S.K.: 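Below you'll find the structure I mean.
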Protein chains: 2
Amino acid sequence: MEKQSIIDMLEDHDIQPTQQRIEIAQILFAQDQHLSAEQVLNAVNQLGATVSKATVYNTLGLFADKGLVRQVIVDPSRVFYDSNTSEHHHLYNSDTGMLMDIDARQISIQHLPELPEGVVAEGVDVIIRVRSQASA
Amino acid sequence: MEKQSIIDMLEDHDIQPTQQRIEIAQILFAQDQHLSAEQVLNAVNQLGATVSKATVYNTLGLFADKGLVRQVIVDPSRVFYDSNTSEHHHLYNSDTGMLMDIDARQISIQHLPELPEGVVAEGVDVIIRVRSQASA
DNA sequence: GTCAGTGCAAACCCTTTGCAGAAAG
DNA sequence: CTTTCTGCAAAGGGTTTGCACTGAC
C-alpha cells in the first residue's frame, strides 16, 4: 500500500496523518495480519523509523476507536490488532500464539438471543481454540 | 453446595481438598457465575477465611487445568473464571463489565472449518459484545 | 518425616499516564 | 501561534514467582 493511499485512509477516518501514524499504518496494512503492540513497535523501528512505545499504544488505540483495526482478545497477556476488518472469526493456537482468520461464511450463527434492555450490540467474536497435538 | 460434595468434586478431579481450595470452591460453586481472581479473593476473605492472593491465583489456575472452571477471556485487563462448565456462550458489556451466559442452543454454529494439521480443537468461544445504550 | 500446598513480598509484563518538547496547520 | 501529537520515564494493575513456613497424610 503506498503512502498516499494510507494518508487518504487515515483522513477518511478523521485521523490526522502524522508521520508516526503513517508508518504504523504502513506496517499494519501491508497485509491482513494480527500484530501485538510490541510487534508493531519492533516492525516500525526495523524500518529505520523511530516511534516510541507510547505512540504505538496511542496509535493502535486510536485506530481501533476509528474502526481501522479490530482488537482481538484471545490471550490474557496481550491484545492483538487485526488489520482485516471484514467480517470474520478467529482460530487461536494457545501453544504457539498463532492466530488465523476464519471466513465468516464458514460459521453461521443461527439466531442471536434478544439483548438485555438498554444495550446495543457491538459485534460477535467467535474464537476456535486449538492446541498443538503433542501438548497437554 | 455442602462441604462434603465440594470435597468429592475436588477429589473426582484429582485435586487434594485442602482447606483453602474448599473455601474457594464453595464461593465459586455457590451458583453459576463469573468471578475475577480479585473478586474470589474478596469473597473468600469476607467469609472470615484467610486465603492469600497467591493461593487464589494458584487455585483458580489449577481448577481451570482440571476442568472445574472455565477461563473467560473477554477483557484484556482481567480473566474471569466461570463456574458453569456446561456448553454455553457469553454476552459481555464492556461498559459495565457485566458478563452473562447464553445458552449454547441459542446459537448454532453450522460447520466448523477443517483445522490446520497437527492441532486439536480445545473449544469454541462465542462472545457477543454489547455496550450500554447511552455510551459511545 | 516427607512432599505438596500456602503466604508474603518482590518481580514481571503489558499498558497507561504526566508532562515537556516537537510538529502540524 | 495554537493545538495536537510525540517521547521519555515513571506509575499502574493484574498475574507470577522465589522461597521459607505450614499442613496433609
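In what follows, chains are A, B, ... by sequence order, proteins preceding strands, each numbered from 1. Keep in mind that this is a model prediction, so the values were computed, not measured.
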S.K.: Could you state the OH-P distance from A/Y81 to C/dC14, rounded to the nearest angstrom?
M.R.: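 Taking atom P of C/dC14 as the reference, OH of A/Y81 is at 13 Å.
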S.K.: Pick the nucleotide of DNA chain C nearest each of B/L62 and B/P76; which residue has the one closer to the 5' end?
M.R.: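 This one resolves to B/L62.
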S.K.: Just the endpoints, please: which first and last nucleotides of DNA chain D, 5' to 3', lie under 4.0 Å from a heavy atom of chain A?
M.R.: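 Reading along DNA chain D, I get D/dT4 to D/dC8.
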S.K.: For B/D14 and C/dA4, what is the distance between atoms CG and P respectively, to the nearest whole Å?
M.R.: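 Taking CG of B/D14 and P of C/dA4, I get 14 Å after rounding.
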S.K.: Cut-off 3.5 Å, side chains only: do B/N84 and B/H34 have a donor facing an acceptor?
M.R.: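 Side chains of B/N84 and B/H34: no pair found under 3.5 Å.
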S.K.: Please tell me which of B/Y57 and B/E11 maps to the more 5' nucleotide of DNA chain D, matching each residue to the nucleotide holding its nearest heavy atom.
M.R.: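 By nearest-heavy-atom nucleotide position, the 5'-most residue is B/Y57.
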S.K.: Do the side chain of A/Q33 and the main chain of A/I27 share a donor and acceptor less than 3.5 angstrom apart?
M.R.: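 Yes, because the side chain of A/Q33 sits within donor-acceptor range (under 3.5 Å) of the backbone of A/I27.
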S.K.: Between A/A25 and A/L10, which heavy-atom pair has the shortest distance, and what is it?
M.R.: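 So the two residues come closest at CB-CD2, 4.5 Å.
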S.K.: NA contact type, A/S36, heavy-atom cut-off 4.0 Å: base, sugar-phosphate, or nothing?
M.R.: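 The residue A/S36 makes no contact with any strand.
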S.K.: Compare side-chain N and O positions of B/Q20 against OP1 and OP2 of C/dG7 and report whether any pair is under 4.0 Å apart.
M.R.: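 True: B/Q20 side-chain N/O within range (under 4.0 Å) of C/dG7 OP1/OP2.
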S.K.: Rounded off to whole Å, could you give me the CD1-to-P distance for the A/I22 and C/dA23 pair?
M.R.: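 After rounding, the reported distance stands at 15 Å.
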S.K.: Give A/S77 one of three labels, base, sugar-phosphate or nothing, depending on what nucleic acid heavy atoms sit under 4.0 Å from its own.
M.R.: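 Sugar-phosphate contact only - A/S77 comes under 4.0 Å of backbone atoms but never of a base.
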S.K.: Quick one: which of C/dT6, C/dC14, C/dA24 gets closest to the side chain of B/T59?
M.R.: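 It is C/dT6.
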S.K.: So, does B/T55 get its side chain near the phosphate of C/dG7, meaning an N or O under 4.0 Å from OP1 or OP2?
M.R.: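 Answer yes for this pair, as a side-chain N or O of B/T55 is under 4.0 Å from OP1 or OP2.
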S.K.: Ignoring hydrogens, what is the shortest heavy-atom contact between A/P17 and A/E11? Give both atom names and the distance.
M.R.: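 Nearest heavy atoms, A/P17 then A/E11: CG-OE2, 3.6 Å.
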S.K.: For B/N58 and A/A54, take the nucleotide of DNA chain D holding the closest heavy atom to each; which residue's nucleotide lies nearer the 5' end?
M.R.: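 Taking each residue's closest nucleotide, the earlier one in sequence belongs to A/A54.
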S.K.: Rounded to the nearest angstrom, tell me the gap between atom CD in B/E23 and atom P in C/dG5.
M.R.: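 Spelled out: CD on B/E23 to P on C/dG5 is 16 Å.
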S.K.: Write down the distance between NZ (B/K53) and C1' (C/dC8), rounded to a whole number of angstrom.
M.R.: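 From B/K53 NZ to C/dC8 C1': 11 Å.
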S.K.: Could you state the atom-to-atom distance from CZ of A/R78 to P of C/dC13 in whole Å?
M.R.: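 After rounding, the gap between these two atoms is 13 Å.
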S.K.: Do A/I73 and A/I128 belong to the same hydrophobic cluster, where Ile, Leu, Val, Met, Phe, Trp and Tyr are linked whenever their side-chain heavy atoms lie under 4.5 Å apart, directly or via other members?
M.R.: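 No, A/I73 and A/I128 fall in different hydrophobic clusters.
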S.K.: Taking atom C1' of C/dG5 as reference, at what distance in whole Å does atom CZ of B/F63 sit?
M.R.: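 In whole Å, C/dG5 C1' lies 13 Å from B/F63 CZ.
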S.K.: If hydrophobic residues (ILVMFWY) are linked whenever their side-chain heavy atoms come closer than 4.5 Å, directly or via other members, who joins B/L99 in its cluster?
M.R.: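 Other cluster members: A/V72, A/V74, A/F80, A/Y92, A/L99, A/I127, B/V72, B/V74, B/F80, B/Y92, B/I127.
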S.K.: Search all heavy atoms of B/V69 against all heavy atoms of B/S83 and return the closest pair with its distance.
M.R.: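 What the structure gives for the nearest pair is CG1-CA, 4.3 Å.
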S.K.: Just how far, in rounded Å, is P of C/dA23 from CZ of A/R21?
M.R.: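 Between P of C/dA23 and CZ of A/R21: 15 Å.
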